[in-house]
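Computed from a predicted model, the values in this text were never measured in an experiment. First the proteins, then the strands, lettered A, B, ... as listed; each starts at 1.
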2 protein chains.
Amino acid sequence: MPYLLIVSLTITRILVIVKMTINTGVMPSLPPGTTTVAVAVDLVMLTVRDGVFSVLLITRGLPPYRGRWALPGGFVVDGEDLLAAAVRELQEETGVATPGGHLEQLGTYGSPRRDPRGRVISVAYLALLPETPVPAAGSDAMDARWTPVDKVLADRSLLAFDHHQIVAEGVERARSKLEYSPLAAAFCPPAFTIAELRRVYETVWGTPLDARNFHRKVTNTEGFVEPTGDTTTRDGGRPAQLYKRGPTNLLHPAMLRPDV
Amino acid sequence: MPYLLIVSLTITRILVIVKMTINTGVMPSLPPGTTTVAVAVDLVMLTVRDGVFSVLLITRGLPPYRGRWALPGGFVVDGEDLLAAAVRELQEETGVATPGGHLEQLGTYGSPRRDPRGRVISVAYLALLPETPVPAAGSDAMDARWTPVDKVLADRSLLAFDHHQIVAEGVERARSKLEYSPLAAAFCPPAFTIAELRRVYETVWGTPLDARNFHRKVTNTEGFVEPTGDTTTRDGGRPAQLYKRGPTNLLHPAMLRPDV
DNA sequence: GGAATAGTGTCTCTAAGACATTATTCT
DNA sequence: AGAATAATGTCTTAGAGACACTATTCC
C-alpha cells in the first residue's frame, strides 16, 4: 500500500484547509445550491456453486420493488469510504472478511430516474468468491439466495432498478478477467487442483476445455500458480498436485476464450 | 443503443411510482437521515500532440487548490445523467461534440476527505481524442493546456485533489486498451495511414515498433481497419493508403505490448 | 539518381489446439 | 483387474519478431 503517499496527501489537504481558513477567515465549503445525491453501493457477488456460475441476490424487504430480486447493497454512511462500504456489505452478506476472494470496483450507475425515491447513484463492486456457505438473510433483506447467472441474464425484468444491466456488465467483466488475470483462483479454495481451476473456466465461460492443453498452459504460464507440495484425491483417481495462486497479476501468455 | 430497453425500464419505473403512491398515499422517498454528497465529473482527456502523449489540464480559478493544475470537470447538475455531464464538460473544454473520439467511464473516487470543501465523490471519464486545436479556457478555469503525460506522472504533487491517481489509472487503461481494442484509431483523424496509427502506439506505449510487422498485423487483423480507397503523401515518400476504423470492438489477435 | 516512406516476403521460434500415451490412485 | 483421474508427450499450424527486399513518390 502507498502508505507514505496517503500520509503526504492527507498532510497536503490539511495544509490547504488551514491556509484557506487563514486567508478567508472561513472554512472552505461547497458552492451554495450544489446538487447532492444519495450514494448506494451494490455488490455483484459471483461464485461457482455445484458447477453453476451464480450471483447472490436478495429479495427486497422494503419499497420500492418490495419482494423483487435485487443485488445486495446499501447506502454509504457518513464519512465512509466507498470501498469500505463495499467490504461492509460483503461481510454483512457472507459473514466472512474477504475470504481469499477478490473485490474491485465495477462501475457507477447514475441515471437520474433509476430510483423512484429520488436521485440515487450506485457504485457497483464486483466480488469473485470461492464456494461459500449459504448466506444469512441481512437486515433489510427478506431472503438471500445464490441464483444461476444464466437465469438472471435471460430475464431482463427479474431484478429491481437497473440491476440487470449491472449484473450483465459484472459477468462480462469476470469472463474477460479470466483471460488476462489469474483471478480464476479467486473462485477456488486456498489450495486447488488444476482440474478444479479448469472447471472454473469451463463454468464461467460455459465452454468445455481440453484438460491436457489446459494443464500445460497453466503450469507453463509464469507466476500463474505455485505448487503447495501437497496432493489430494478428493476428485478420485490418481492424486492431484495442489496449487496456490502465484505472484503475477497479468497472464503471459493469456488464456484466451475459444472462438468468440 | 438499447432504446426499447430504456423505454421499457422507464415505463416500469413510472408504474412502480404510481403503484406505491396509490398503495401508501405518498410518493416513495428516501429514508430520513440518508447521507447525501455532491457528485463531480472529471475528465481524463488524452491525445497525441506533436508526437507527445498528452493530457488536458486546467489551472483552478477558484479555491480550493486555486492556481494548481487539475483535471477539467464540474458538478453534476440537477437531473443530469453522469454521461451527459461528461459530454457537457468535454464540449465546454474542446468546443467539439465528441469529434470522432472515444468516451468511457473510468472509475469513481470517493475517499471521504478527498475534497476539503466537504464530501464530494468524483466520477472520472476517460476520453481519447484526435489532435485537437488548442482548447479555450472554460468558465471556472484560468487556463487550459495539453501537458505531457510523463511529466504529470513523474510529479505526484503537481495536481490538485487525488487527480494524480486518476490520471495514472486513465493512462494505464488507455495503454491497455490499445492492446485489445481498435481504439488507437480514436487518437487519429477520420482517415489515417498505417504509419500514423503505428506512431500512436509508439507514443502511447513509449516503445518503438517494427514498421513492417506492425503493418502486417494491423492489415491481417479482421475488422481493425478498412481502406478508404484514397491515398496521401502527407508523410513524404511513396503514397500511403488511407484507412478508417473497422467494425470490430475487440482485436483478434491482440496487439500485445513488447516485453512487459 | 538519391532520399524518403510504403508495402511484401522469408525465416525462426513460440504457443495453441488436437489427440495419444503413461502414471497413480480406489474399489 | 478395471475404473477413474492426473500428468506428459507428439504433431500440426497460426502468429510474433527479426530482417531483406521491392515499390512509388518528391527533389
Got a donor-acceptor contact below 3.5 angstrom from the A/S176 side chain to the A/A174 backbone?
no
DNA chain D: 5'-most and 3'-most nucleotides touching chain B, 4.0 angstrom heavy-atom criterion:
D/dA16 to D/dT25
Does B/T193 offer a backbone N or O that forms a donor-acceptor pair with the side chain of B/E196 under 3.5 Å?
yes
Determine whether a donor-acceptor pair (N or O, by modelled atom type, separation under 3.5 Å) exists between the side chain of B/T47 and the backbone of B/L129.
yes
Tell me whether B/T232 contacts the main-chain N or O of B/R234 through its side chain, where contact means a donor paired with an acceptor under 3.5 Å.
yes
Would a distance-only check, ignoring hydrogens and angles, find a side-chain to backbone donor-acceptor pair under 3.5 Å from B/R175 to B/G170?
no
Measure from the ring center of B/F161 to the ring center of B/Y109 and say whether it is less than 6.0 Å.
no
For DNA chain D, which residues of residues 211-245 of chain A approach it to below 4.0 angstrom with any heavy atom?
A/R212, A/H215, A/D235, A/G236, A/G237, A/R238, A/P239, A/A240, A/Q241
What is the distance from CG of A/L251 to C1' of C/dA16, rounded to the nearest Å?
15 Å
Could you check whether any side-chain N or O of B/D162 sits under 3.5 Å from a backbone N or O of B/Q165, counting only pairs where one atom can act as donor and the other as acceptor?
no
Does the B/Q241 side chain pair with the main chain of B/T231, one donor and one acceptor, at a distance under 3.5 Å?
no
